[in-house]
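Here's the structure, in structure tokens; my notes come after.
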Amino acid sequence: GRGAKGSFHEVWRLQWQPEFAVSLIEASRFGGTVEAASTAKAIETARAATALPELSALVDRVLLASLPDAIPVVTRSLEDLTAVSADVSQLLESIPALANIFRYGNVRKTDASLVGHVLDSLVVRACVGLAGACGSLDDGAASLMHGRITNAHKALQLISKEEHRTLWVPALIRVASLQGAHGLVCGASARLLFDEAAEAPEDTAARMSRALSRGAEPAEAAAWLEGFLFASATVLIHDDRLWASLDSWMSALSDETFTQVLPFIRRALSTATLTERRELGGR
């Protein structure tokens, strides 16, 4: 809500719909009160869940709704599924919801410690398998993985645990250095490392130089550029080494190749603001 003075503030507007009466009758099989029915429904959903992101979101809702009888069952289901899951995509997608609980637990008066050890386990398993999951991706899969990596990175930044950083940064380095991987995820990983100051600027410039070298496939080089510039193109304005690598690559393209990669370059710069485009154009 606007004008909120706290860090957690909601404004609700309630409106009755006629079909709610039918929904209430259907839901009454779970219990005779809202709390009892919600608890039973949450437990049934948790026991039937087969996807980690679904369970992570359910834990968030159960804690926020303060359903004490459902919390142990739901968190136990999450622990059990986490222990056997080898799907890195699901592990990454589960991190933001649990990080949200961990970060805002005190504000919402929920016990964040209930998910702390589960979150730690998710981060460890995701970091171990991240490079392998990024090895052979087509354009569509690379785009999805790009989103998962960046969302997980934001979540880990939110809670700022040094134990997570010591695992996550090396995992990003492995992806950024992965030979034959899709340029989008490699470029995005390189950018996250650059923004975190996890690598020296000259190391990032060397990565860009290799990715945009004469021997690189133009479309793959453009994908790397798109991944690297996803957050902001300002980095090209303020870092001469990165600008020189881009300038050298662009200048070396033949007319035919330039025409082929132009759509990719336009897409890479599509998130740039008007001011950034003006400064890049002037330079």
With a 3.5 Å cut-off and sequence neighbours excluded, list the donor-acceptor pairs that the side chains of residues 82-91 form with protein atoms.
residue	atom	partner	partner atom	Å
Thr82	OG1	Leu78	O	2.7
Asp87	OD1	Ser89	N	2.9
Asp87	OD1	Gln90	N	3.4
Ser89	OG	Arg148	NH1	3.3
Gln90	OE1	Leu52	N	2.9

message = Checking the side chain of Ser160 only, and the main-chain atoms of Leu156 only, is there a donor and an acceptor separated by less than 3.5 Å?
response = no
task = Using atom types as modelled and distance alone, determine if a side-chain donor or acceptor of Ser143 lies under 3.5 Å from a backbone N or O of Asp139.
result = no
task = Answer with yes or no whether the hydrophobic clustering places Leu92 together with Leu178; edges join I, L, V, M, F, W, Y residues whose side-chain heavy atoms lie under 4.5 Å apart.
result = no
ask   = Is Arg277 atom CZ crowded by more than 12 heavy atoms from other residues, nucleotides or ligands, each under 6.0 Å away?
value = yes
task = Name all residues meeting the side chain to side chain donor-acceptor pair (under 3.5 Å) criterion together with Ser254; count only those two or more places apart in sequence or in a different chain, and write none if there are none.
result = Thr257
inquiry  = Going by salt bridge (charged side-chain N to carboxylate O under 4.0 Å, His left out), name the residues that satisfy it together with Arg125, two or more places apart in sequence or in a different chain.
reply    = none
request  = For residues 252-274, pull every pair meeting salt bridge (charged side-chain N to carboxylate O under 4.0 Å, His left out), keeping only residues two or more places apart or in separate chains.
outcome  = Glu226-Arg267
ask   = Looking at residues at least two apart in the chain, or sitting in another chain, which of them share a salt bridge (charged side-chain N to carboxylate O under 4.0 Å, His left out) with Arg165?
value = Glu196
task = Would you please name every residue forming a side chain to side chain donor-acceptor pair (under 3.5 Å) with Arg283, sequence neighbours left out?
result = Asp240
query = Are any side-chain N or O atoms of Arg174 and backbone N or O atoms of Cys127, one a donor and one an acceptor, separated by less than 3.5 Å?
reply = yes
remark   = Sorted by chain and residue number, the salt bridge (charged side-chain N to carboxylate O under 4.0 Å, His left out) partners of Glu163 (sequence neighbours excluded) come out as Lys161
message = Taking transitive links into account, so neighbours of neighbours count too, which hydrophobic residues share a cluster with Leu24 at under 4.5 Å side-chain distance?
response = Trp16, Phe20
query = Who else is in Leu144's hydrophobic cluster (ILVMFWY, side-chain heavy atoms under 4.5 Å, direct or via others)?
reply = none
inquiry  = Within this structure, what is the OG-CZ distance for the pair Ser56 and Arg61, rounded to the nearest 0.5 Å?
reply    = 11.0 Å
query = So, does Glu276 use its side chain to make a donor-acceptor pair with the main chain of Thr273 at under 3.5 Å?
reply = yes
remark   = For Glu162, the salt bridge (charged side-chain N to carboxylate O under 4.0 Å, His left out) test, sequence neighbours excluded, returns none
query = What residues, two or more places apart in sequence or in another chain, satisfy side chain to side chain donor-acceptor pair (under 3.5 Å) together with Glu199?
reply = Arg207
key: For His182, all residues meeting ring pair (Phe, Tyr, Trp, His ring centres under 6.0 Å), sequence neighbours excluded   = none
key: Val235 vs Trp243 side-chain heavy atoms within contact, under 4.5 Å   = no
query = Are the side chain of Thr75 and the backbone of Ile71 linked by a donor-acceptor contact shorter than 3.5 Å?
reply = yes
